[in-house]
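Scroll down for the structure; my scribbles are underneath it.
The basis for the numbers below is simple: all heavy atoms, side chains too, and nothing from hydrogens, waters or symmetry mates.
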There are 2 protein chains.
Amino acid sequence: MAQRNATRGARAQPLAGVAEDQQVHPFDHDLRAEVRRELAGFLQTKRNEAAQIDPQFVAAVDSLSDFVLGPGKRLRPTFAWWGWRGAGGSPDDPQARAVLRAVSSLELIQACALVHDDLIDHSTTRRGAPTMHVDFAAQHRAAGWLGAPERFGAATAILLGDIALAWADDMLRSSDLWPEQLGRAHVVWQAMRTEVLAGQYLDVITQASGDESPETALRIDRYKTAAYTVERPLHLGAAIAGADSALVHAYRRFGADIGVAFQLRDDLLGMFGDPRVTGKPAGDDLREGKRTLLLAYGLRAADEKRQTGAADLLRGAIGNPQVDENTVTEVRELLIELGAVAEVERRITTLTSSALRSLRAAELAEPAGARLAELAAQATRRVR
Amino acid sequence: MAQRNATRGARAQPLAGVAEDQQVHPFDHDLRAEVRRELAGFLQTKRNEAAQIDPQFVAAVDSLSDFVLGPGKRLRPTFAWWGWRGAGGSPDDPQARAVLRAVSSLELIQACALVHDDLIDHSTTRRGAPTMHVDFAAQHRAAGWLGAPERFGAATAILLGDIALAWADDMLRSSDLWPEQLGRAHVVWQAMRTEVLAGQYLDVITQASGDESPETALRIDRYKTAAYTVERPLHLGAAIAGADSALVHAYRRFGADIGVAFQLRDDLLGMFGDPRVTGKPAGDDLREGKRTLLLAYGLRAADEKRQTGAADLLRGAIGNPQVDENTVTEVRELLIELGAVAEVERRITTLTSSALRSLRAAELAEPAGARLAELAAQATRRVR
């Protein structure tokens with residue numbers, strides 16, 4: 001049953017099959033907009049507090065708000081919401097608004113992660129717009145201020161990221177969850193924050209050490225993406241609902257598998273995707289030296305097949321900021337020829353199947369099962 | 001009564017008058033060591049969790065632990081502890097250990113603030129040792145890793161600061177405070193985190209814009225130092241104890257005054273202090289372009305007295321990384337001649353008197369009144 005829904009959901013437009021039903025609650029029907037509304041309300045409260053401190057700080061809060069309230073998939077709140085729904089939570093429950101607010105706070109952790117990550121990676125573009133540190137450096141330059149614009153941009157990005165991280169917590173606490181719901185949520189919240197920061201740290205270390213093993217790439221995907229994007233958000237929703245350990249276990253297996261698959265799809269998009277769609281230049285991960293599973297497979301294949309030229313070209317391109325469009329094209333062709341792309345695609349397929357098996361076994365309350373299967377398909381399907 | 005104790009306390013050696021008393025509870029008697037012990041226990045738990053993730057992450061946790069457990073005045077936990085004691089909290093209370101753990105978590109916020117601030121300021125030395133980003137850059141260089149060591153140092157410092165900020169929260173929550181104590185504590189905790197980050201942000205903006213007004217310098221001192229170091233820690237202790245609003249009000253006035261005085265003393269030390277005592281090169285604040293009240297007074301006096309040469313010398317030195325020892329000496333002499341040093345000293349005296357008046361009016365439970373007066377004196381007294 002869940003499988004049939006899942007298959008149908010995966011082929012349908014987002015939220016299709018739901019929009020036809022007049023009875024669908026707005027929280028289910030227009031979740032992204034509802035999450036954005038909760039964030040806007042919370043950030044307005046913080047803006048009022050900032051106004052008690054200093055007008056220049058208000059301007060900083062406005063920059064952060066623009067970033068948080070801009071376009072976004074709201075993936076983490078979405079998984080957390082459907083995790084709660086699948087564990088029996090109902091949008092008609094008097095606590096539903098509190099749950100919505102609680103899961104929306106995940107977007108503030110994400111804001112910190114993105115702002116700090118972009119600074120760490122020296123990324124200049126996100127969602128087609130300048131990254132936070134680049135934007136603030138430009139403001140500094142335009143104002144003709146003292147000191148180096150880049151240092152100013154870095155300083156403000158560090159502090160705005162810190163503010164987002166602190167406020168994520170404030171928003172969770174102010175969500176009006178009952179104390180026992182909040183207590184259960186916090187256990188997951190704490191694990192998740194540590195895992196994503198550990199994943200980011202391992203990512204930085206691995207880029208520096210040049211570790212080429214697929215196992216390391218997968219471990220980073222596990223913590224930096226899967227735990228943080230799918231597994232723990234689902235777990236958070238389940239914890240708020242007071243779900244039993246069998247459901248939590250199923251969610252976590254589903255989340256770990258689909259989360260890694262999602263990262264592998266993202267890695268492929270980073271190398272082969274259309275910059276107009278991804279919002280960032282193709283080959284950025286390559287120049288930045290990200291140790292993706294795709295590159296790990298490519299390097300291993302080149303070594304095993306003793307294709308020294310191919311291996312040298314790959315190793316010379318990874319982490320080389322000077323890599324031009326032609327080299328990116330060569331790397332793309334090599335990754336296809338070496339079978340790395342096909343191997344990653346197979347892995348995505350395997351992980352997705354395994355994830356959907358875990359989901360079916362969980363026999364979730366509908367429509368959560370169908371919706372999670374649909375999200376899994378959306379997050380991992382080919383887009384080329 | 002409180003006044004007499006305060007005066008005696010201020011003149012006595014640290015903890016003198018207490019050590020002679022056999023009945024003094026270890027929490028009161030050796031607070032710094034007790035705080036360190038709580039931090040060590042908490043960080044060990046986190047280390048065990050990190051070991052489930054990756055050995056390289058364990059190494060990162062160890063670096064953070066070394067930083068947190070190294071020498072430190074533990075000022076914020078100390079003010080929070082005595083804030084609780086002064087509001088009637090007793091070290092013999094069964095909840096005393098939980099309170100100790102809760103106030104110790106302030107040191108993890110401080111770890112984030114220091115690590116991120118040192119990166120923002122490009123400071124190379126703290127407490128006589130390399131700062132976190134410098135240390136990690138050196139490890140990168142020694143290992144002969146890929147990419148620029150400085151970028152690696154910055155990336156790890158950003159992430160370790162984030163981890164400290166997240167874990168501060170985890171430690172507060174795991175402190176075994178009762179839910180109602182935790183609820184009251186959290187209101188203060190949230191305000192404090194926002195205030196310190198706002199203060200740091202204003203500091204960065206002011207360095208960039210070159211705002212020379214004493215009012216701006218004082219506003220930064222108010223949020224970046226006073227609220228965060230004294231006022232809110234005392235308020236936190238009072239909130240845990242369930243103190244009435246009169247006591248909270250007195251604490252906050254005392255904390256705001258003594259906290260600014262403390263920052264002004266620190267500014268003087270930054271310019272005139274012995275690097276062997278302060279642990280950082282003299283004139284660092286000057287080179288970094290910190291807009292201290294000391295410099296604001298100096299510039300205002302130079303302008304008012306139409307000492308163009310003096311004003312030019314000061315403006316040319318502020319934020320100039322090339323400033324040498326001779327120029328630092330010239331700036332020192334100018335700040336004395338212009339009366340800026342005397343004016344800051346007067347301000348410290350006024351603030352300290354006003355703080356002590358607020359404290360006396362509060363009629364705290366002893367020995368908290370005496371101890372807080374002693375801390376006020378220690379934090380603001382001349383050390384040359």
Which atoms of [X] are under 4.5 Å from chain B, going by heavy atoms: the side chain, the backbone, both sets, or neither?
X	value
A:I163	both
A:Y223	side chain
A:L119	side chain
A:Q139	neither
A:D117	neither

Can you tell me which of [options] forms the most heavy-atom pairs within a distance under 4.5 Å of chain A?
options	value
B:R222, B:R193, B:E195, B:Q207	B:R193
B:H116, B:Q56, B:Q190	B:Q190
B:F152, B:Y201, B:W189	B:Y201
B:C112, B:G144, B:A60, B:P321	B:A60
B:Q200, B:H140, B:H122	B:H122

Check your understanding: Would B:F57 and A:I205 satisfy side-chain contact (heavy atoms from CB on, under 4.5 Å), going step by step from the backbone distance to the final call?
Key -> CA-CA 9 Å; B:F57 186 54; A:I205 287 274; over 6 Å; no
Interchain contact, [X] with chain A, by part (heavy-atom threshold 4.5 Å):
X	value
B:D121	backbone
B:A143	neither
B:A154	neither
B:E180	neither

**Study point:** B:R151 side-chain N/O to A:I120 backbone N/O, donor-acceptor pair under 3.5 Å
**Key:** yes
Exercise for review: State whether the side chain of A:R219 and the backbone N or O of B:D54 hold a donor-acceptor pair below 3.5 Å, judged by distance alone.
Suggested key: no
Revision key, fill the gap. Of A:T194, A:N320, A:T156, A:T206, the largest count of non-hydrogen pairs under 4.5 angstrom with chain B goes to A:T194
Exercise for review: Report the C-alpha separation of B:D169 and A:H186 in whole Å, then their side-chain angles, then the decisive distance to 0.1 Å, and conclude whether the side-chain contact (heavy atoms from CB on, under 4.5 Å) test is met.
Suggested key: CA-CA 10 Å; B:D169 225 70; A:H186 242 285; 4.1 Å; yes
